[in-house]
Novice: 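Input: one structure, supplied below.
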Amino acid sequence: MSSKKRAPEIDEGRGYDAIIAALVPLKAELGDPSRVHDDPESISRKIVDVIKLVDRLLGSKSTDASILDGLDNEGVAIWNISALLRPTENTPSEQVKIFAFVRLLSYRLIEAGMERRPTVSTMIRVLQLATKTASALTACDEMNYASGVLTRAAKLEQDLKDVEDPNNENTKSKAGAIASYYSSRMEGACKENNESVAWFMLGKAADKQILQYLESSDIESLSAKVLDMGRLFLKSDKEEKAEFAEVAVKWLQQSLSMAEIADRNVENQRPSVLALKRAILRALARAYYLASVRDKSHLSRARETISTLLSDPGVGSETDPNEQQQLRWMMLSILKRAKASDLEIEQGFKDIIAHMAFDEDSVTDILQEFGLLGNPALSTSLNRVVLERALDSPNYAGHAYVDRILLSCTFVCTAAADPTRAFSDLDAILNLVAEHPVYKLDKVATTACQMLLFQSGGRFFQSKQYPLAAEWFLLATHQCFESTAAANTSKCLRKAALSYVQAGQYAKATATMSKCPGNEAATHYVLFLSAAYQGLEDEAIRAIQAMVKAPDFDRKMLLLATKLAHESQMRNLVLAILEGLLKTLKSDAAVESEVEAVTLIRCIIRVIADLIRQPLADIPFLSKELLRHFGTAIDVIEAALRNKSASLIAKDISWLWRTAYNTAVQGCASWDEFQVADLFICAQQLMELYCKAVVGDSEAEVSHYLAMASFASVCGRVFGLRRTTDVVDSESMRRTIVKDIESFLTLATAQLSRINAEDDRIKLEGLVNISYVLEVEQAITESTIPITMHTFEAVSDVLWTEASCPTHVLYAALEAVLKSSIERGYIGRDKFSRWLRAIVTILLSRARPSDRVKAMGYIEQCVEVMKGDEEEVPPSAMW
């Protein structure tokens with residue numbers, strides 16, 4: 001209660017009665033815990049009201065002994081009640097306040113009941129009560145009341161100093177009371193952030209003249225209070241944290257000094273003193289650490305303090321393992337701030353690792369610290385140390401954390417600036433795991449480690465460090481991963497092989513690929529790349545063919561392979577790839593697939609045409625392939641017509657029939673006649689499909705070429721039959737030729753109706769006439785009836801009497817009949833002479849030099865025949 005305003009004096013008798021009347025229900029309420037808990041504010045107000053009554057009574061300065069004794073007794077009773085209300089750590093602030101106010105009331109009552117001339121023991125007792133009351137009020141931030149109590153206690157303390165004690169009977173108790181008073185003043189000043197006053201009061205309390213009379217327990221209590229003050233400065237959240245830490249240093253040093261005095265004053269060390277000294281040293285080490293921001297010399301003091309705590313039995317080094325571990329962490333922080341050498345920091349970590357317990361928090365903390373080192377080599381070394389301890393931990397307690405530790409190792413190594421050293425370190429760490437007789441890495445950890453290694457290899461691959469990339473990819477296939485991640489292992493092997501291919505180390509690439517499964521498309525794709533880069537076209541083609549057959553084949557692989565094959569100018573390889581793409585489209589019934597298929601076929605035909613034009617080309621094989629793909633094109637176009645999507649590929653069809661036609665024309669000089677004929681038939685079929693696909697009249701555009709292709713196909717087959725005798729089922733072939741001739745005659749008749757130019761008409765009529773001759777040739781050759789001379793004469797007569805039969809047709813027929821008759825031995829000299837005369841007459845009538853030369857050849861043959869015959873020359877031969 002503040003002393004600035006004194007309450008008005010009242011009659012001491014009535015005032016005393018009023019106090020007693022107010023205390024009766026108040027004590028009843030204070031004795032009921034539920035009441036204190038449920039309505040603390042009401043009780044606080046009632047206590048304050050009683051305190052006011054006591055203050056008014058104090059103003060009357062009563063001298064009535066009975067009133068003084070009554071007040072003192074009531075004060076003692078209230079103090080005893082306060083003991084029941086002593087707060088704990090979990091006590092609500094309102095109840096803590098009630099405790100402080102109860103003590104204040106008790107102190108006021110005892111002070112009011114004190115004689116006007118108290119004895120030394122009474123003053124000591126009241127001063128001690130004042131300090132305890134002030135401490136309670138300070139604890140609940142009732143600084144006004146606390147200041148009032150201490151102000152009253154100040155006069156009492158001075159009186160106690162001035163009182164004579166000739167026999168020194170109360171020296172120790174006086175010293176204890178005065179020390180308590182100063183410590184309370186110290187606490188109040190600290191609470192009011194008045195550090196200088198608090199330090200002054202500490203100096204008064206720690207004066208040698210006082211300490212020498214105090215018991216060890218009192219000095220220990222005072223030291224503990226000073227420790228609390230030092231901790232209070234350490235907890236400051238202001239920006240000047242280092243400055244407050246320096247203030248805390250001197251407080252803690254003073255606390256330690258008093259603890260040492262308390263320790264020396266007893267014969268045997270008390271556990272409480274040892275615990276106090278450990279607490280002080282811990283706080284002091286932290287204060288040194290925080291203050292080192294302003295003064296680096298504090299770091300060495302902090303190290304010495306931690307070393308003392310860890311090794312000096314005088315402060316109980318064999319204490320709680322958790323506490324010791326915290327000290328090691330603090331030592332590590334000090335080493336880091338002091339920028340100690342890597343060797344010292346490594347030793348600090350090793351001390352922590354050697355004593356760490358394998359639990360979630362410990363492992364997380366240690367791994368986080370590894371990641372913050374900024375030194376990959378040191379971090380890797382420490383990771384290996386903790387991994388070894390985890391693998392060899394008692395009862396395999398650390399096995400549950402090996403995966404996290406290994407993942408940390410992998411992460412650090414993959415981010416290291418020296419990849420070669422990091423690779424070597426990580427390989428050794430993986431060997432540790434793989435060689436352990438019990439531990440097996442689980443699938444999740446395996447996948448995570450492989451992913452990091454794969455990403456690291458990918459970075460080297462992107463930067464074109466291919467040999468290094470291959471090593472990291474292969475590290476992802478380490479034996480400690482094999483049991484749980486076969487799929488990832490295969491992917492890493494392929495990537496390693498690809499790295500070797502890019503580096504030109506094809507032997508290593510082949511050896512690596514030999515470890516991959518043979519039923520995966522990606523494996524064959526890498527084999528294709530290796531072969532393609534080496535220029536091994538046949539091997540590349542085999543790889544492509546195997547890739548297409550793989551169950552996990554993806555069309556995109558062929559698209560990528562096409563580009564490489566085209567850049568390598570390997571036409572056979574390009575052809576194999578395009579054929580593979582075409583096979584993937586055949587099972588797709590979508591409209592887009594038909595368009596894509598025709599486009600692919602165009603590409604394939606173009607490639608085959610380029611191959612045909614190459615020197616030493618295998619014409620028979622390539623021509624068969626060309627015909628096969630033209631046939632495929634026809635099938636695709638027919639499907640498009642059925643799906644009503646042929647208009648989308650009309651331009652492609654136009655290109656196909658023109659290419660087929662032109663290629664057939666070029667092949668007339670050197671290809672097999674039957675293949676040329678088949679190619680012309682393909683061109684004819686494509687023209688017909690083109691007419692169906694194009695919107696509008698397209699027959700005028702292709703009708704001429706349609707007729708030419710039909711005639712050329714007939715000629716090709718006829719010439720093929722003439723040239724060879726080993727044609728299977730020649731009779732069926734001849735019947736086909738006759739049908740083709742009829743088809744040509746139909747087309748030619750339609751075309752003649754459209755032709756206006758005389759020259760074009762003459763040419764087409766000539767082809768028609770030739771077709772008649774070819775038809776007759778097939779009819780004669782095909783017949784299975786025995787042919788007599790009468791048959792030949794009948795054919796000749798039909799042609800001779802037909803007025804519309806062109807001369808050259810008649811000539812060709814007579815020539816064919818003459819040769820056939822001679823071969824069969826049916827002709828006599830007379831008929832031979834007449835038919836030969838007709839042939840020569842036709843030749844001479846043409847009046848062309850070539851025909852005259854041919855006619856002279858026939859005459860010379862006739863003369864030779866006549867010379868060798870002894871019979872009389874017939875008149876028909878005399879011409």
Novice: Show the numbers, then the answer: is there a side-chain contact (heavy atoms from CB on, under 4.5 Å) between K336 and E369?
Specialist: CA-CA 11 Å; K336 288 182 179 180; E369 288 296 324; 2.3 Å; yes
Novice: Can you tell whether the side chains of E220 and K277 come within less than 4.0 Å, N to carboxylate O?
Specialist: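 Between K277 and E220 there is no salt bridge, as every charged N stays at least 4.0 Å from the carboxylate O atoms.
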Novice: Give the intermediate values and the outcome of side-chain contact (heavy atoms from CB on, under 4.5 Å) for residues C190 and W199.
Specialist: CA-CA 9 Å; C190 282; W199 181 253; over 6 Å; no
Novice: Show the nearest heavy-atom pair for residues I345 and A340, with the distance to one decimal.
Specialist: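 In terms of heavy atoms, the two residues are closest at CD1-O, 3.8 Å.
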Novice: Do you know which two heavy atoms are closest between I334 and A302, and how far apart they sit?
Specialist: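 Looking at all heavy atoms of both residues, the shortest contact is CD1-CB, 3.4 Å.
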Novice: Yes or no on salt bridge (Lys or Arg N to Asp or Glu O under 4.0 Å) for D72 and R125, after CA distance, side-chain angles and deciding distance?
Specialist: CA-CA 12 Å; D72 186 72; R125 182 172 69 91; 3.2 Å; yes
Novice: In terms of ring plane angle, is the pair F233 and F244 parallel, tilted or perpendicular, where the classes change at 30° and 60°?
Specialist: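 Correct class here is parallel.
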Novice: Would you check if the side chain of S300 reaches a backbone N or O of S297 as a donor-acceptor pair within less than 3.5 Å?
Specialist: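 Checking the backbone N and O of S297 against the side chain of S300, a donor-acceptor pair under 3.5 Å is found.
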Novice: Taking the side chain as every heavy atom from C-beta outward, state whether Q253 and V249 have any pair of such atoms under 4.5 Å apart.
Specialist: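 Yes. Closest side-chain heavy atoms under 4.5 Å.
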Novice: Please examine the side chains of T133 and W79, heavy atoms only from C-beta on, and report whether any two atoms are closer than 4.5 Å.
Specialist: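 Yes, at least one pair of side-chain atoms sits under 4.5 Å.
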Novice: Dump the intermediate steps for salt bridge (Lys or Arg N to Asp or Glu O under 4.0 Å) on E157 and R152, then the final yes or no.
Specialist: CA-CA 9 Å; E157 181 263 342; R152 292 173 180 272; over 6 Å; no
Novice: Look at the side chain of S393 and the backbone N and O of G398, then say whether any donor-acceptor pair between them is shorter than 3.5 Å.
Specialist: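 A pair under 3.5 Å: yes.
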Novice: Under the rule for ring pair (Phe, Tyr, Trp, His ring centres under 6.0 Å), what residues qualify as partners of Y289, not counting sequence neighbours?
Specialist: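 Applying ring pair (Phe, Tyr, Trp, His ring centres under 6.0 Å) to Y289 gives none.
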Novice: Take S223 and L227 through the test side-chain contact (heavy atoms from CB on, under 4.5 Å) and record every step on the way to the result.
Specialist: CA-CA 6 Å; S223 176; L227 171 61; 5.7 Å; no
Novice: Find out whether H399 and F358 are in side-chain contact, i.e. whether some heavy atom of one side chain is under 4.5 Å from a heavy atom of the other.
Specialist: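 Contact flag for H399/F358 side chains = no.
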Novice: List the residues meeting salt bridge (Lys or Arg N to Asp or Glu O under 4.0 Å) with K155, not counting sequence neighbours, and say none if there are none.
Specialist: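 Only D159 meet the salt bridge (Lys or Arg N to Asp or Glu O under 4.0 Å) criterion with K155.
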Novice: Below 4.5 Å, heavy atoms only, C-beta onward: do Y288 and L299 meet side chain to side chain?
Specialist: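 Counting from C-beta outward, Y288 and L299 never come under 4.5 Å.
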Novice: Give a yes or no on whether the backbone of I353 and the side-chain of R389 come within a donor-acceptor separation of less than 3.5 Å.
Specialist: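 The answer is yes, because a donor-acceptor pair under 3.5 Å joins these two groups.
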Novice: Apply the test salt bridge (Lys or Arg N to Asp or Glu O under 4.0 Å) to residues R328 and E323: give CA-CA distance (whole Å), side-chain angles for both, the deciding distance (0.1 Å), then the verdict.
Specialist: CA-CA 9 Å; R328 295 185 186 95; E323 179 182 335; over 6 Å; no
Novice: Could you check whether any side-chain heavy atom of V363 comes within less than 4.5 Å of a side-chain heavy atom of M356, counting everything from C-beta outward?
Specialist: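 A side-chain contact under 4.5 Å exists here.
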Novice: How would you list, by chain and number, every residue that makes a side-chain hydrogen bond (donor to acceptor under 3.5 Å, both in side chains) with Q347, sequence neighbours excluded?
Specialist: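 Per chain and number, Q347 pairs via side-chain hydrogen bond (donor to acceptor under 3.5 Å, both in side chains) with D351.
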Novice: Do I110 and S106 come within less than 4.5 Å of each other through their side chains, counting heavy atoms only?
Specialist: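 Yes, their side chains come closer than 4.5 Å.
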Novice: What salt bridge (Lys or Arg N to Asp or Glu O under 4.0 Å) pairs are there with at least one residue in residues 132-144, not counting sequence neighbours?
Specialist: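 Passing the test, one end in residues 132-144: K97-E142, D141-K191.
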Novice: For E195, enumerate each residue passing the salt bridge (Lys or Arg N to Asp or Glu O under 4.0 Å) test, keeping only those at least two apart in sequence or located in another chain.
Specialist: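 Only K250 meet the salt bridge (Lys or Arg N to Asp or Glu O under 4.0 Å) criterion with E195.
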Novice: Any pair with a residue in residues 279-298 that passes salt bridge (Lys or Arg N to Asp or Glu O under 4.0 Å), sequence neighbours left out, goes on the list, sorted by first then second residue, please.
Specialist: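 The answer is E246-R294.
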Novice: What I'd like to find out is whether the side chain of F349 reaches to under 4.5 Å of the side chain of I366, using heavy atoms alone.
Specialist: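 The answer is yes, as the side chains (C-beta and beyond) meet within the 4.5 Å cut-off.
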Novice: Tell me, which pairs form a ring pair (Phe, Tyr, Trp, His ring centres under 6.0 Å) where one or both residues lie in residues 172-194, sequence neighbours left out?
Specialist: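 Listed by first then second residue: nothing to list.
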Novice: By side-chain hydrogen bond (donor to acceptor under 3.5 Å, both in side chains), which residues pair with S333, not counting sequence neighbours?
Specialist: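 side-chain hydrogen bond (donor to acceptor under 3.5 Å, both in side chains) list for S333, sorted by chain: empty.
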Novice: Can you name the closest pair of heavy atoms from I178 and L127 and give their distance?
Specialist: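 Closest pair (atom of I178, atom of L127, distance): N-CD2, 4.2 Å.
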Novice: Kindly give the heavy-atom pair with the smallest separation between S379 and V412, and that separation in Å.
Specialist: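 Shortest heavy-atom contact: OG-CG2, 3.5 Å.
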Novice: Any side-chain to backbone donor/acceptor pair from S292 onto H298? Under 3.5 Å, distance only.
Specialist: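 No; judged by distance alone, with no hydrogens or angles, the pair does not exist.
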Novice: Taking it one step at a time, do S135 and K225 satisfy side-chain contact (heavy atoms from CB on, under 4.5 Å)?
Specialist: CA-CA 11 Å; S135 296; K225 280 191 176 183; 4.0 Å; yes
Novice: Hey, does L23 have a side-chain heavy atom less than 4.5 Å from the side chain of L109?
Specialist: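 They are in side-chain contact.
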Novice: For residues I280 and A259, report the shortest heavy-atom separation together with the two atoms involved.
Specialist: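 I280 and A259 have their closest heavy atoms at CD1-CB, 3.8 Å.
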Novice: Can you name the ring pair (Phe, Tyr, Trp, His ring centres under 6.0 Å) partners of W329, sequence neighbours left out?
Specialist: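 W329 satisfies ring pair (Phe, Tyr, Trp, His ring centres under 6.0 Å) with no other residue.
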Novice: Go through it in stages, so that I can follow the logic: the residues are R404 and E360, the test is salt bridge (Lys or Arg N to Asp or Glu O under 4.0 Å), and I'd like the CA-CA distance, side-chain angles, deciding distance and then a yes or no.
Specialist: CA-CA 10 Å; R404 291 182 57 189; E360 190 70 24; 2.7 Å; yes
Novice: Tell me if a side-chain donor or acceptor on S311 pairs with a main-chain N or O of S307 at a distance below 3.5 Å.
Specialist: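 Answer holds: yes.
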Novice: With sequence neighbours left out, write down each residue that passes ring pair (Phe, Tyr, Trp, His ring centres under 6.0 Å) with F200, or none if nothing qualifies.
Specialist: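 Partners of F200 by the ring pair (Phe, Tyr, Trp, His ring centres under 6.0 Å) criterion come out as none, since no residue qualifies.
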Novice: Restricting to non-hydrogen atoms, name the atom on A146 and the atom on A134 that form the minimum distance, rounded to 0.1 Å.
Specialist: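 Heavy atoms of A146 and A134 come nearest at CB-O, 3.9 Å.
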Novice: Suppose we screen for ring pair (Phe, Tyr, Trp, His ring centres under 6.0 Å). Which residues come up paired with F99, at least two apart in sequence or across chains?
Specialist: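 Counting only residues at least two positions away or on another chain, F99 forms no ring pair (Phe, Tyr, Trp, His ring centres under 6.0 Å).
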Novice: Surrounding CD of Q158 (heavy atoms of other residues, nucleotides or ligands, distance under 6.0 Å), is the total greater than 12?
Specialist: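 Counting neighbours around CD of Q158, more than 12 heavy atoms of other residues, nucleotides or ligands fall under 6.0 Å, so yes.
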Novice: Is a side-chain donor or acceptor of D359 paired with a backbone partner of D361 at a separation under 3.5 angstrom?
Specialist: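 Looks like yes, one N/O pair under 3.5 Å.
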Novice: Applying ring pair (Phe, Tyr, Trp, His ring centres under 6.0 Å) as the test, list every pair that has at least one member in residues 104-133; sequence neighbours left out.
Specialist: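 Residue pairs passing ring pair (Phe, Tyr, Trp, His ring centres under 6.0 Å), neighbours aside: none found.
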Novice: If we count only N and O atoms by modelled type, under 3.5 Å, do the side chains of T308 and T305 hold a donor and an acceptor together?
Specialist: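 Result is no, nothing qualifies.
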Novice: Quick check: does any side chain N or O of S180 sit under 3.5 Å from a backbone N or O of G176, one acting as donor and the other as acceptor?
Specialist: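 Pair found, side chain donor or acceptor close to backbone of G176.
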Novice: Assess whether side chain to side chain donor-acceptor pair (under 3.5 Å) is satisfied between N80 and S82, documenting all intermediate values.
Specialist: CA-CA 5 Å; N80 292 335; S82 72; over 6 Å; no
Novice: Applying the side-chain contact (heavy atoms from CB on, under 4.5 Å) criterion to I19, which one of I67, L105, L53 satisfies it?
Specialist: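 One option only clears the test, and that one is L53.
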